[in-house]
J.: 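Sharing a structure, written as structure tokens. Questions coming.
Not measured: the values here are computed from a predicted model.
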Amino acid sequence: MRRVRYESRGGPLFTEEAPVPEPGPGELLVRAEAIGVTLPVVRKVTEAAEPVPLGGEIAGEVTAVGEGVTRFATGDRVTGLCFGHGYADFALLHEAMASPVPADADAVTAVALVRSGLVALGALEAARPEPGEAALVTAAASGAGHLAVQLARTRGGAGRVVGAVSDPAKAGFVRGLGADHVVTYGDDTWGAPVDYALDAVGGELLTAALTALAPEGRLVAYSSGGGTVQAYDLLVGAKSVIGFQMARIARGKPELYEQWREELWRLFAAGEVRPAVHGEFALQDAAKAHGEIEARANLGKVVLIP
């Protein structure tokens, strides 16, 4: 099979031939039909001290199962998060991280909707939204962010949704998702204060997102970008910062993970959430796909097709 990897920080990425892996206990071997490209994986290539497997979101058909697997069988179509080599023709998924794909859904839709949607929905839940509140979503054109904009309205009942983006050229796309107002990171003001913010950027943007909160506002940080928050900035406005990580839900609360997954497909079927795909790239063009993410050029999900 083909597999994409790299040998030093920053790449380059290259494609090599590798043996098809064997599923271990609790694992599924999946023939990949679509692979999601995410900012955390791109950052691993550019920032990790040593090369790591390019994991991530995959969707495809189960071709073999390991010992102890009970929820899936050969021939099932699944999507989920791969922690090993995911940029490949075949990949291993742990059963706990896999979800079924409905018969009428294609692999690209599954990759664009499920994992990013679970992250967006989980971050929204962590914010404890009340109907009519104002919401801010950073990285509003990203794979998870563009779903968070929609979910804040349809699931959270937001009365006003503000999308924050890196480039004003993305404003039309974000408004098309239902945002009432779009700001860019460098703007002097992000408009009227919001009740909660879903931040997928981190770093220096945390300060701006925190400033955008109304008194007693909540900021949910779900970015791999890190960042520092001054305690005094929380104190003066009685604001709070909440960390959210999807993997903790998948591993520790599988029943909630499954509930959210079913809700995403229901919202999709009802036309209330529309995953957008920025582009589909061949597996051997993974470097080009990473370039789209690094340049912050994507409007929606970037996908690799083996």
J.: Ignoring hydrogens and geometry, is there a side-chain-to-backbone donor-acceptor pair from Asp106 to Thr109 under 3.5 Å?
T.: yes
J.: Are Val161 and Val220 co-members of a hydrophobic cluster defined by side-chain heavy atoms under 4.5 Å apart?
T.: yes
J.: Passes side-chain contact (heavy atoms from CB on, under 4.5 Å), Ile305 versus Leu283? Steps please.
T.: CA-CA 6 Å; Ile305 305 295; Leu283 184 65; over 6 Å; no
J.: Less than 4.5 Å apart, any side-chain heavy atom of Val62 and any of Leu29?
T.: no
J.: Is Gln150 reaching over with its side chain to a backbone N or O of Arg274, donor-acceptor style, under 3.5 angstrom?
T.: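 Side chain of Gln150 to backbone of Arg274, a donor-acceptor pair under 3.5 Å: yes, one is there.
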J.: Within the 4.5 Å heavy-atom criterion, are Phe244 and Leu124 side-chain neighbours or not?
T.: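 No, too far: nothing below the 4.5 Å cut-off.
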J.: Side-chain heavy atoms nearer than 4.5 Å, only ILVMFWY residues, links allowed to pass through others: does that put Ile293 and Ile35 together?
T.: yes
J.: Please report the C-alpha distance between Val119 and Leu147 in whole Å, then the side-chain angles of each, then the deciding distance to 0.1 Å, and finally whether the side-chain contact (heavy atoms from CB on, under 4.5 Å) criterion is met.
T.: CA-CA 9 Å; Val119 170; Leu147 295 173; over 6 Å; no
J.: Could you state the interatomic distance from CE (Met246) to CG (Leu121), rounded to the nearest 0.5 Å?
T.: 8.0 Å
J.: Determine, step by step, whether Asp180 and Arg153 satisfy the salt bridge (charged side-chain N to carboxylate O under 4.0 Å, His left out) criterion, reporting the C-alpha distance in whole Å, the side-chain angles of both residues, the deciding distance to 0.1 Å, and the verdict.
T.: CA-CA 10 Å; Asp180 300 289; Arg153 181 82 74 194; 2.5 Å; yes
J.: Test side-chain contact (heavy atoms from CB on, under 4.5 Å) on Met1 and His85; report intermediate values, then the result.
T.: CA-CA 12 Å; Met1 72 169 190; His85 288 283; 5.8 Å; no
J.: Please determine whether a side-chain nitrogen of the Lys or Arg among Arg2 and Glu16 lies less than 4.0 Å from a carboxylate oxygen of the Asp or Glu.
T.: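 Not counted as a salt bridge, because no side-chain N and carboxylate O are separated by less than 4.0 Å.
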J.: Under a 4.5 Å cut-off applied to non-hydrogen side-chain atoms, are Asp285 and Leu304 in contact?
T.: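 No, too far: nothing below the 4.5 Å cut-off.
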J.: Does the Thr46 side chain pair with the main chain of Arg43, one donor and one acceptor, at a distance under 3.5 Å?
T.: yes
J.: Using ring-ring contact (aromatic ring centres under 6.0 Å, His included) as the criterion, list what pairs up with Tyr87, not counting sequence neighbours.
T.: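 Here the qualifying residues are His290.
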J.: Does atom CD (Gln230) have a neighbourhood of more than 12 heavy atoms from anything else shown, all under 6.0 Å?
T.: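 Incorrect, the count does not exceed 12.
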J.: Do Glu255 and Gln259 have side chains that get closer than 4.5 Å, going by heavy atoms?
T.: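 No, side chains not in contact.
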J.: Quick check: do Val30 and Phe90 have side-chain heavy atoms less than 4.5 Å from each other?
T.: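 No - every pair of side-chain heavy atoms lies 4.5 Å or more apart.
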J.: By the rule that ILVMFWY residues connect when side-chain heavy atoms come within less than 4.5 angstrom, directly or transitively, which residues belong alongside Val229?
T.: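 ILVMFWY cluster around Val229 also holds Leu136, Val162, Val183, Tyr185, Trp190, Val194, Val201, Leu205, Leu206, Leu210, Leu213, Leu219, Leu234, Val241.
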J.: What pairs of donor and acceptor atoms, side-chain ones from residues 166-179 against any protein atom, are under 3.5 angstrom apart with sequence neighbours left out?
T.:
from   : atom 1 : to     : atom 2 : distance (Å)
Ser166 : OG     : Lys170 : NZ     : 3.3
Asp167 : OD1    : Ala169 : N      : 2.8
Lys170 : NZ     : Arg296 : O      : 2.4

J.: Taking the side chain as everything from C-beta on, heavy atoms only, tell me whether Leu92 gets closer than 4.5 Å to Pro21.
T.: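 They are in contact (side-chain heavy atoms under 4.5 Å apart), so the answer is yes.
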J.: Return each pair, listed once, that meets salt bridge (Lys or Arg N to Asp or Glu O under 4.0 Å) where at least one residue sits in residues 118-133; pairs must be two or more places apart or across chains.
T.: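 Qualifying pairs: Glu125-Arg155, Glu133-Arg218.
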J.: Count the heavy atoms belonging to other residues, nucleotides or ligands that lie under 6.0 Å from CD of Glu216, then report whether that count exceeds 12.
T.: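 No, CD of Glu216 has 12 or fewer neighbouring heavy atoms, counting only those of other groups under 6.0 Å.
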J.: What's the verdict on salt bridge (charged side-chain N to carboxylate O under 4.0 Å, His left out) for Arg261 and Glu263, showing C-alpha distance, side-chain angles and the deciding distance?
T.: CA-CA 5 Å; Arg261 183 198 66 79; Glu263 182 168 4; over 6 Å; no
J.: Where do Val277 and Val108 land on the side-chain contact (heavy atoms from CB on, under 4.5 Å) test, with the steps shown first?
T.: CA-CA 8 Å; Val277 176; Val108 171; 3.7 Å; yes
J.: If you take all heavy atoms of Leu93 and Ala98, which pair is closest and at what distance?
T.: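 Of all heavy-atom pairs spanning Leu93 and Ala98, the closest is CD1-CB, 4.1 Å.
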J.: Does atom CD (Glu204) have a neighbourhood of more than 12 heavy atoms from anything else shown, all under 6.0 Å?
T.: no
J.: State, to 0.1 Å, how close Ala91 and Cys82 come at their nearest heavy-atom pair, and which atoms those are.
T.: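 Heavy atoms of Ala91 and Cys82 come nearest at CB-SG, 4.2 Å.
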J.: Which residue pairs satisfy the side-chain hydrogen bond (donor to acceptor under 3.5 Å, both in side chains) criterion with at least one member in residues 49-69, sequence neighbours excluded?
T.: Arg31-Glu61, Glu57-Lys301
J.: Closest approach of Pro306 and Ala88, non-hydrogen atoms and distance?
T.: CG-O, 4.2 Å
J.: Answer whether the closest heavy-atom distance between the side chains of Pro129 and Tyr196 falls below 4.5 Å.
T.: yes
J.: Measure the OG1-CG distance between Thr211 and Asp233 for me, rounded to the nearest 0.5 Å.
T.: 6.5 Å
J.: Main chain of Ala276, side chain of His146: is a donor-acceptor contact present, judged purely on distance under 3.5 Å?
T.: yes
J.: Can you confirm whether more than 12 heavy atoms, excluding those of Arg9, are under 6.0 Å from its CZ atom?
T.: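 Yes, because the 6.0 Å sphere around CZ of Arg9 holds more than 12 heavy atoms from other groups.
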J.: Are the side chains of Thr138 and Leu198 in touch, meaning some heavy atoms are under 4.5 Å apart?
T.: no
J.: Would you say Met97 and Val111 are hydrophobically clustered, going by side-chain heavy atoms of ILVMFWY under 4.5 Å?
T.: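 Each belongs to a different hydrophobic cluster.
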J.: Mind listing the closest non-hydrogen atom pair of Gly66 and Pro23 along with its distance?
T.: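 Shortest heavy-atom separation between Gly66 and Pro23 comes out as N-CB, 3.8 Å.
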J.: Does Val165 offer a backbone N or O that forms a donor-acceptor pair with the side chain of Thr184 under 3.5 Å?
T.: no
J.: Got a second to check how far Arg71's CZ is from Leu28's CG, nearest 0.5 Å?
T.: 8.5 Å
J.: Verify the cluster assignment for Ile58 and Leu118: are they in a single hydrophobic cluster under the rule of side-chain heavy atoms below 4.5 Å apart?
T.: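 No, because Ile58 and Leu118 fall into different hydrophobic clusters, even though each may have its own neighbours under 4.5 Å.
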J.: Got a sec, which pairs hit ring pair (Phe, Tyr, Trp, His ring centres under 6.0 Å) with one end in residues 252-288, sequence neighbours left out?
T.: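 Found Trp265-Phe268.
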J.: When you group the ILVMFWY residues by side-chain heavy-atom contacts below 4.5 Å and let the links chain together, are Leu151 and Tyr222 in the same group?
T.: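 Same hydrophobic cluster.
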J.: Is it the case that the side chain of Asp195 and the backbone of Ala134 share a donor-acceptor pair, with hydrogens and angles ignored and the cut-off at 3.5 Å?
T.: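 Answer holds: yes.
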J.: Write down the atom of Ala112, the atom of Pro275, and the distance for their closest heavy-atom approach.
T.: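 It is CB-CB, 3.9 Å.
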J.: For the CZ atom of Phe72 and the CD atom of Glu95, what is their distance to the nearest 0.5 Å?
T.: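 Those atoms lie 6.5 Å apart.
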J.: Considering non-hydrogen atoms only, spot the tightest contact between Ser142 and Ala139 and give its length.
T.: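 Residues Ser142 and Ala139, closest heavy atoms: OG-O, 2.7 Å.
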